[in-house]
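Structure record follows, encoded as structure tokens.
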Amino acid sequence: MRTPFVAGNWKMNTTVAEAEKLVLEMLDGLGRIGGIEKVLCPPFVSLVAIEMMLKGSTIKLGAQNMHFETKGAYTGEISPLMLSDMCEFVILGHSERRHYFGETDEIVNKKVKTALTGGLKPILCIGERLEEKEAGKTEEVLSRQVRNALDGIRPGGPSGGSESRQTQDEHMTARLVIAYEPVWAIGTGKAATGEEAATTIHFIRGIVADLWTEALAQDLRVLYGGSVTSANIGEFVSQPVIDGALVGGASLKAEEFVGIVERTAEIRRA
Ligand code: PGA
């Protein structure tokens, strides 16, 4: 049984004061919903303030990015060591980072490895662009993104590990989350259909099964992302292969986001 999961990616929105206000508006509503993992990913500068606000609640914190080195002369960058104190999760390989900031599969792979060794849980984003979808290349693109991002990562840790096989396996699957976010659906209001997303996510689990094992792939949580709202979330999470959502725009509205989490928990409980 995979625990459902909903994360809000606030992207480059909210000042610290606005972020605090938004958390205040969601805190009670989200706090009341059980049986689901709830994660907020505000901008870096708000992490400290929000971590304090979330203390004692069941809401978890995530960052939106990090550098793949742990320290050094990288002006302006944020290290996993700085994050692991306050965050449990980190979004990696988001299409906006790939597109606007030149993040390659190789960089994403380095980040996933450093996050895992640094005790963070990566939310690895993958997804095809519109032109790739139209050219019938969706599977090829996703397969490449998954294989490259997880290159050299074996159950147990990036380079193997010395723990018993069972511990290694639990380790890996509990910590990685994949978010399938078709680029054409992000911020466009044109979400994929539930069936479309389910078929693709089934394909993604197949790649992970091929890389690791079928059992690990079955344990791995895979989310859908791209124009998710409280009105369409049901379409996705009623598909048993889809474990929840990575939500952008709608996570900036307290009522919407609480609605999405509520609906997900409700449908998964049924
Ligand atoms: P959106 O963004 O919900 O605004 O489409 C999703 C994402 O980029 O994670």
Side-chain angles (χ1 to χ4, degrees), residues 4-14 18-19 22 26 30 36-44 46-47 59-66 87-103 108 111-112 115 120-130 132-133 138 141-142 145-146 149 176-194 196-197 200-201 204 221-237 239 242-264:
F5 187 106
V6 174
N9 173 11
W10 295 5
K11 308 192 181 184
M12 197 175 71
N13 296 294
T14 69
E18 287 164 348
L22 188 54
M26 301 179 170
L30 288 180
I36 179 165
E37 214 158 9
K38 305 156 274 190
V39 183
L40 301 180
C41 304
F44 285 132
S46 296
L47 287 173
I59 306 160
K60 296 173 175 177
L61 198 56
Q64 298 174 17
N65 179 35
M66 53 163 237
C87 293
E88 193 170 325
F89 293 90
V90 59
I91 298 172
L92 295 177
H94 191 281
S95 63
E96 286 150 16
R97 300 235 34 109
R98 295 178 192 257
H99 188 62
Y100 300 121
F101 303 99
E103 272 191 26
V108 175
K111 290 187 175 190
V112 173
L120 287 159
K121 299 176 178 172
I123 303 172
L124 167 66
C125 300
I126 56 168
E128 82 285 1
R129 296 191 197 189
L130 183 60
E132 292 165 333
K133 175 183 159 72
T138 299
V141 169
L142 297 176
Q145 288 177 339
V146 173
L176 181 74
V177 176
I178 291 183
Y180 167 56
E181 300 202 304
V183 181
W184 46 268
I186 296 179
T188 58
K190 293 188 192 123
T193 65
E196 234 176 332
T200 311
I201 286 175
I204 292 167
R221 285 176 297 179
V222 187
L223 318 174
Y224 167 77
S227 298
V228 169
T229 64
S230 61
N232 67 15
I233 183 68
E235 206 188 312
F236 300 104
V237 293
Q239 299 280 348
I242 307 179
D243 298 309
L246 180 56
V247 185
S251 71
L252 291 165
K253 295 175 215 141
E255 209 178 312
E256 263 294 291
F257 190 65
V258 172
I260 290 169
V261 174
E262 215 156 37
R263 203 70 197 106
T264 305

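Along the sequence shown, residues are numbered consecutively beginning with 1. Just so we're clear, the structure is a prediction, and the values are computed from it rather than from any experiment. Atoms within a ligand are numbered from 1 in the order they appear, just like the ligands themselves.
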Anything under 30° is parallel, anything over 60° is perpendicular, the rest tilted; go ahead and classify F5 against F89. perpendicular
Give yes or no for whether the N/O distance cutoff of 3.5 Å, strictly under, is met between [X] and ligand 1.
{"X": "V247", "answer": "no"}
{"X": "K11", "answer": "yes"}
{"X": "I186", "answer": "no"}
{"X": "G187", "answer": "yes"}

As an exercise, identify every atom of ligand 1 less than 4.0 angstrom from a heavy atom of [X].
{"X": "G249", "value": "1 (P), 3 (O), 4 (O)"}
{"X": "H94", "value": "7 (C), 8 (O), 9 (O)"}
{"X": "A185", "value": "5 (O)"}
{"X": "N9", "value": "9 (O)"}
{"X": "L246", "value": "9 (O)"}
{"X": "E181", "value": "6 (C), 7 (C), 8 (O), 9 (O)"}

Does W184 have any side chain to side chain donor-acceptor pair (under 3.5 Å) partners at least two apart in sequence or in another chain, and if so, which? E128
State which residues pass side chain to side chain donor-acceptor pair (under 3.5 Å) with T200; sequence neighbours excluded, sorted by chain then number. none
side-chain hydrogen bond (donor to acceptor under 3.5 Å, both in side chains) partner of S230, chosen from R263, E256, E255: E256
Using side-chain heavy atoms (C-beta onward) and a distance below 4.5 Å, is M66 in contact with L92? yes
Considering only heavy atoms from C-beta outward, does the side chain of I242 approach that of Y180 to under 4.5 Å? no
Please verify whether a non-hydrogen atom of A250 lies at under 4.0 Å from ligand 1. no
Is the closest heavy-atom distance from G226 to ligand 1 below 4.0 Å? yes
Provide, to 0.1 Å, the distance between atom 3 (O) of ligand 1 and the closest protein heavy atom, together with that atom's residue and name. G248 N, 2.8 Å
Run the side-chain contact (heavy atoms from CB on, under 4.5 Å) check on V228 and V6 step by step: do they pass? CA-CA 11 Å; V228 169; V6 174; over 6 Å; no
Of all heavy-atom pairs linking G93 and V108, the shortest is CA-CG2, 3.8 Å
Test item: N232 side-chain N/O and S227 main-chain N/O as donor-acceptor pair under 3.5 Å: yes
